Trainee: 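Please find one structure pasted underneath; my questions will follow.
In what follows, every heavy atom counts, from backbone to side chain, and hydrogens, waters and symmetry copies are set aside. Given the structure is predicted, the values throughout are model-derived calculations rather than measurements.
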Amino acid sequence: MKKIAVYCGSRSGHSSLYQEQAIEMGKVLAKNNIGLIYGGGAIGLMGCIADTVLEHHGHVIGVIPTFLDTVEITHQGLSELFVTNDMPDRKKKMYELADGFIALPGGIGTLEELFEVFTWRQLNLHNKPIGVLNTNGYYNYLIQHIAHMVTEGFLSKKHAQLIIIEDNPKTLLQNMYTLTQ
Ligand code: AMP
């Protein structure tokens with residue numbers, strides 16, 4: 001895996017744990033020479049992980065749609081920046097560039113991005129690993145809901161197991177890496 005798309009909050013959340021683990025994730029990516037692809041913002045956990053990878057001499061690619069590309073939102077120090085026409089083009093670009101996907105805690109934007117690549121994996125449209133960093137148990141309800149989908153017959157167990165869930169950035173990356181071997 002040379003590049004990973006990280007989906008995460010444009011906000012930082014209330015607990016400092018969210019920023020701490022976004023920083024840890026950034027360090028792990030830089031240390032393993034894995035480029036970060038992300039939404040291009042300087043705000044929230046997005047800005048936090050981008051800053052960390054850059055501080056540790058890693059490569060950061062931002063992909064932002066024109067309507068969000070303003071000096072207040074766009075990170076001004078990225079290694080590369082792609083400006084797309086709209087949100088679907090942005091997600092497609094991030095998807096094409098990435099060798100794997102990780103969701104950190106975030107809001108509806110993060111969930112939408114995560115579930116799109118999860119859906120495409122279920123449909124065998126790609127074979128790239130998908131990880132979820134369950135910082136501070138943030139995704140516990142979502143994990144329970146995915147199990148509920150299986151129990152109620154709306155998702156196969158096999159497909160539910162396609163996402164790798166860990167609460168430690170290093171372990172998450174190792175497990176994703178193992179899947180690609
Ligand atoms: P959310 O989880 O709702 O905060 O949305 C974060 C995700 O949606 C990120 O992974 C971005 O790709 C995208 N996104 C949402 N808001 C912004 C923003 N203001 N600037 C850049 N990207 C954003």
Side-chain angles (χ1 to χ4, degrees), residues 1-117 128-139 142 165-173 176:
M1 285 187 294
K2 297 234 179 297
K3 292 187 233 111
I4 289 185
V6 173
Y7 306 129
C8 61
S10 55
R11 299 171 182 230
S12 299
H14 292 314
S15 166
S16 59
L17 283 172
Y18 298 119
Q19 286 199 24
E20 284 164 26
Q21 272 217 332
I23 289 170
E24 199 46 45
M25 189 78 245
K27 285 183 187 169
V28 170
L29 290 179
K31 199 175 161 205
N32 288 280
N33 278 323
I34 295 175
L36 167 71
I37 299 159
Y38 86 116
I43 47 180
L45 295 188
M46 299 172 71
C48 189
I49 190 166
D51 285 341
T52 306
V53 175
L54 290 167
E55 276 160 23
H56 290 79
H57 313 292
H59 195 80
V60 182
I61 303 173
V63 186
I64 200 156
T66 319
F67 79 97
L68 282 177
D69 183 23
T70 65
V71 177
E72 303 95 83
I73 291 180
T74 308
H75 196 300
Q76 301 298 309
L78 301 176
S79 318
E80 287 179 70
L81 179 70
F82 291 95
V83 181
T84 63
N85 287 333
D86 52 30
M87 291 292 272
D89 277 356
R90 169 210 237 175
K91 287 189 293 170
K92 188 161 175 261
K93 186 78 187 168
M94 290 173 76
Y95 164 75
E96 285 169 356
L97 290 171
D99 304 312
F101 310 95
I102 291 177
L104 305 189
I108 53 174
T110 302
L111 285 190
E112 195 241 351
E113 291 168 322
L114 168 67
F115 274 88
E116 183 169 76
V117 292
K128 305 177 187 183
I130 305 171
V132 170
L133 187 66
N134 191 23
T135 305
N136 196 27
Y138 178 71
Y139 282 119
L142 189 74
I165 302 158
E166 290 292 342
D167 56 15
N168 175 283
K170 200 174 156 199
T171 317
L172 180 64
L173 195 64
M176 289 173 69

Trainee: Go through the structure and list residues passing side chain to side chain contact (heavy atoms under 4.5 Å, CB included) with Glu80, not counting sequence neighbours.
Mentor: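 Side chain to side chain contact (heavy atoms under 4.5 Å, CB included) check on Glu80 returns His59, Ile61, Phe82.
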
Trainee: Taking side chain to side chain donor-acceptor pair (under 3.5 Å) as the definition, give me every residue that meets it alongside Tyr38, ordered by chain and number, with sequence neighbours left out.
Mentor: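 Tyr38: no side chain to side chain donor-acceptor pair (under 3.5 Å) contacts found.
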
Trainee: Side chains of Met1 and Leu173: does their closest heavy-atom pair fall under 4.5 Å?
Mentor: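 When only atoms from C-beta onward are counted, Leu173 and Met1 do touch, with a gap below 4.5 Å.
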
Trainee: Kindly indicate whether the side chain of Lys31, heavy atoms from C-beta on, has any atom under 4.5 Å from the side chain of His56.
Mentor: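 Not in contact.
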
Trainee: Rounded to the nearest 0.5 Å, how far does CZ of Arg90 lie from CG of Asn85?
Mentor: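 Rounded to the nearest 0.5 Å, the CG-CZ separation comes to 13.0 Å.
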
Trainee: Search all heavy atoms of Gln21 against all heavy atoms of Pro169 and return the closest pair with its distance.
Mentor: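 So the two residues come closest at NE2-CD, 3.6 Å.
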
Trainee: Against Ser16, only a single residue in Glu20, His14, Gln19 fulfils side-chain hydrogen bond (donor to acceptor under 3.5 Å, both in side chains); can you say which?
Mentor: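 Going through Glu20, His14, Gln19 one by one, the side-chain hydrogen bond (donor to acceptor under 3.5 Å, both in side chains) with Ser16 is satisfied by Glu20 alone.
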
Trainee: Taking the side chain as every heavy atom from C-beta outward, state whether Ile37 and Val63 have any pair of such atoms under 4.5 Å apart.
Mentor: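 They are in side-chain contact.
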
Trainee: How far does CG of Leu111 sit from OH of Tyr139, to the nearest 0.5 angstrom?
Mentor: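 Output value for this atom pair is 5.0 Å.
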
Trainee: Does the plane of the ring in Phe101 sit parallel, tilted or perpendicular to the ring in Tyr7? Use 30° and 60° as the thresholds.
Mentor: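 Phe101 vs Tyr7 ring planes: parallel.
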
Trainee: What is the minimum heavy-atom distance between Tyr18 and Ser12, and which atoms define it?
Mentor: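 Nearest pair, atom of Tyr18 first, then Ser12: CB-O, 3.5 Å.
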
Trainee: Just how far is it from atom CE of Met25 to atom CG of Leu172, taken to the nearest 0.5 Å?
Mentor: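 Atom-to-atom, Met25:CE and Leu172:CG are 5.5 Å apart.
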
Trainee: Do Asp86 and Pro65 have side-chain heavy atoms sitting under 4.5 Å apart?
Mentor: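 Not in contact.
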
Trainee: So does Lys170 get a backbone contact from the side chain of Asn168, meaning a donor-acceptor N/O pair under 3.5 Å?
Mentor: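 Yes; at least one donor-acceptor contact below 3.5 Å.
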
Trainee: Is the side chain of Asp99 donor-acceptor paired with the backbone N or O of Lys2 at a distance under 3.5 Å, no angle test?
Mentor: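 A pair under 3.5 Å: yes.
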
Trainee: Which pair of non-hydrogen atoms, one from Asp89 and one from Thr84, has the smallest distance, and what is that distance?
Mentor: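 The pair with the smallest heavy-atom distance is CB-CB, 3.8 Å.
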
Trainee: Is there side-chain contact between Thr110 and Leu45, with heavy atoms separated by less than 4.5 Å?
Mentor: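 Not in contact.
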
Trainee: In Å, rounded to the nearest 0.5 Å, how long is the span from NE2 of His57 to OG of Ser79?
Mentor: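 Between atom NE2 of His57 and atom OG of Ser79 there are 12.0 Å.
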
Trainee: With rounding to the nearest 0.5 Å, note down the distance linking CD in Glu24 to CD1 in Ile49.
Mentor: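 Taking CD in Glu24 and CD1 in Ile49, the distance rounds to 10.5 Å.
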
Trainee: Validate the cation-pi geometry between Lys128 and Tyr95: distance from NZ or CZ to the six-membered ring centre under 6.0 Å, angle to the ring axis within 45°.
Mentor: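 Judged by the rule (NZ or CZ under 6.0 Å from the ring centre, within 45° of its axis), Lys128 counts as positioned above Tyr95.
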
Trainee: To the nearest 0.5 angstrom, please state how far the CG atom of Asp51 sits from the NE2 atom of His75.
Mentor: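 Here the rounded value is 4.0 Å.
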
Trainee: Check Leu78, Leu54, Val6 against Leu36 for a side chain to side chain contact (heavy atoms under 4.5 Å, CB included) and give me the one that passes.
Mentor: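 The option that passes is Val6.
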
